[in-house]
Amino acid sequence: MYKCCFCFVLVVCLFALLCDVKYVFINYIYIYIYIYIYIYILYWVWTPGRVAMAKANGDPNKQIHLMHNLFVATKDMSTLVSHVLYYSFFLLTSFCSRWLKEHIFSSKKLDTCSVVGNGGILINSTCGKQIDSAQFVFRCNLPPVDKRFKMHVGNKTDLVTANPSIFYIKFASLNKKTQFLETMQGYGSSYLLLPAFSSSYTSGISIRAAQVIKEPKSPVKPVFANPKYLKKLHSFWSSLGLREARLSTGFMIVSLALEVCKRVDLYGFWPFEIHPERFNLLTNHYYDNVPAQKKYHTMPSEFESLLQLHSKGVLRIHLGDCQPGED
């Protein structure tokens, strides 16, 4: 079906150019072609067999689903790099040991993980059940998971991140404690990942957030990202050609998931304004239309990197609506 649609759009565009038809909708046709290039690759190239082949190979170093080929060329060096990245993720100091008694992830990989982005493509997707069926669910930047959105984004949360700017803007530098704690209740007993040691801007407010959570004995468990891990991660992706001032939170969490999960499924990762199947305009997030920080992030470039991983069977990007029983 996608091949036919792609060909149809291409023919229409070429016809318009040959006939010198100059209407505003032609600009949208170019956008559709751009989208369908991605869709064609996503739906035609990816097969679960590629992941199954990696699983079937008895080599433990290949449990990262071909990711070792992206780290470095040799198997031994890939093991070293992934080991350093994985075990340096959480900063285990006497300060944060008050909350974190043991490492979040054991040496045994999780079977299935859902990484949920916040893209507007999740609106009316009915992907909630499919997302929540994973063994471990990652979410980014305190997104709403209440009954308004549950059908489409699910509500199971095992780890959720928080951008400090949210504390400043949405919760008035955490002076709105009640509103903040009510929001945190929606994430159950999940881990709250805070970038407390990334910069002076993030330190004070992140530590305060952890303290506010602990005052009423909330089940949410605050943990702190290791700045060395984030720096290594940025250097790693830069070496692969991804150039941006700062990796987005979603992209960093996808990278983490690839290290700790056997199978990684992505939802809500679509950085374009038009839905790839319904062709309606999309909001930036499924809950609001606040624009992305283009000064720091280049979402289309990140998506291209994810698309390459998808085409190799390393992870799977889900677009469009989820069907009952879809896996």
Side-chain angles (χ1 to χ4, degrees), residues 31 34-35 38 67 70-72 81-82 84-86 88-91 115-121 138-143 159-171 173 192-209 223-259 264 266-273 282-310 314-315 317:
I31 296 175
Y34 186 54
I35 290 174
Y38 279 127
M67 191 66 178
L70 301 178
F71 275 126
V72 286
V81 174
S82 62
V84 171
L85 289 174
Y86 173 74
S88 66
F89 185 74
F90 294 103
L91 187 63
V115 182
V116 188
N118 298 328
I121 193 172
F138 297 87
R139 298 184 189 274
C140 304
N141 294 331
L142 302 182
L159 184 147
V160 62
T161 70
N163 188 319
S165 63
I166 297 174
F167 299 144
Y168 287 113
I169 299 172
K170 184 175 180 179
F171 302 112
S173 299
L192 173 64
L193 181 61
L194 300 164
F197 307 105
S198 298
S199 68
S200 58
Y201 172 79
T202 65
S203 296
I205 197 71
S206 295
I207 293 172
R208 187 181 179 192
V223 292
F224 300 101
N226 187 341
K228 290 184 178 179
Y229 173 88
L230 303 180
K231 185 177 180 180
K232 286 179 180 290
L233 199 62
H234 187 274
S235 297
F236 166 68
W237 284 108
S238 293
S239 70
L240 294 181
L242 181 58
R243 300 285 188 264
E244 58 181 344
R246 186 186 305 163
L247 297 176
S248 70
T249 302
F251 196 82
M252 289 189 286
I253 293 301
V254 171
S255 300
L256 172 63
L258 287 171
E259 296 182 55
V264 178
L266 308 187
Y267 302 85
F269 284 81
W270 180 251
F272 308 109
E273 297 180 350
L282 297 171
T283 55
N284 189 43
H285 301 126
Y286 68 82
Y287 49 86
D288 66 31
N289 199 26
V290 176
Q293 293 289 336
K294 295 182 179 180
K295 178 181 178 181
Y296 302 108
H297 310 310
T298 54
M299 298 301 190
S301 296
E302 288 189 351
F303 185 78
E304 185 176 355
S305 296
L306 295 177
L307 188 65
Q308 292 174 10
L309 297 179
H310 174 99
V314 177
L315 51 74
I317 302 174

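Here the structure is a predicted model, which means the values were calculated and not measured.
With hydrogens and angles disregarded, a donor-acceptor distance shorter than 3.5 Å links the side chain of H310 to the backbone of I317. Looking at N289, its side chain does come within 3.5 Å of a backbone N or O of N284 through a donor-acceptor pair.
The shortest side-chain heavy-atom distance between V160 and L193 does not fall under the 4.5 Å cut-off. Looking at heavy atoms from C-beta onward, L309 lies in side-chain contact with L258 at the 4.5 angstrom threshold. F236 has its side chain out of reach of S255: every pair of non-hydrogen atoms, C-beta onward, lies at least 4.5 Å apart. The closest side-chain heavy-atom distance from F269 to V254 is below 4.5 Å. In this structure, R139 and T161 have side chains that are not in contact, with every pair of non-hydrogen atoms separated by 4.5 Å or more. In this structure, P143 and Y287 have side chains that are in contact, with non-hydrogen atoms separated by less than 4.5 Å. The side-chain heavy atoms of L282 and F272, taken from C-beta on, include no pair separated by under 4.5 Å. With a 4.5 Å cut-off on side-chain heavy atoms, N163 and Y168 do not count as touching.
Between G117 and Y286, the closest heavy-atom pair is O-CE2, 4.4 Å. Annotation for I205 and P164: closest pair CG2-CB, 3.6 Å, computed over non-hydrogen atoms. Between A257 and V264 the shortest heavy-atom distance is O-CG2, 3.6 Å. Pairing each heavy atom of L230 with each of A225, the nearest pair is CD1-CB, 4.3 Å. When every heavy atom of I253 is checked against every heavy atom of C140, the shortest pair comes out as CG1-SG, 4.2 Å. Minimum interatomic distance between N141 and A162 (heavy atoms only, all atoms of both residues): OD1-C, 3.9 Å.
Note: I207 CD1 to F224 CZ = 6.0 Å, rounded to the nearest 0.5 Å. With rounding to the nearest 0.5 angstrom, the OG atom of S305 is 5.5 Å from the CH2 atom of W237. In this structure, CG in L233 is found 11.5 Å from CG in N226, a value given to the nearest 0.5 Å.
Partners of S301 under the side-chain contact (heavy atoms from CB on, under 4.5 Å) rule, at least two apart in sequence or in another chain, are L242, T298. Listed by chain and number, the residues in a side-chain contact (heavy atoms from CB on, under 4.5 Å) with S248 are F251, H297, M299, E302 (sequence neighbours excluded). Among residues two or more places apart in sequence or in another chain, the ring-ring contact (aromatic ring centres under 6.0 Å, His included) test is passed with H234 by none.
The one candidate from L315, L266, L256 that meets the side chain to side chain contact (heavy atoms under 4.5 Å, CB included) condition with V115 is L266.
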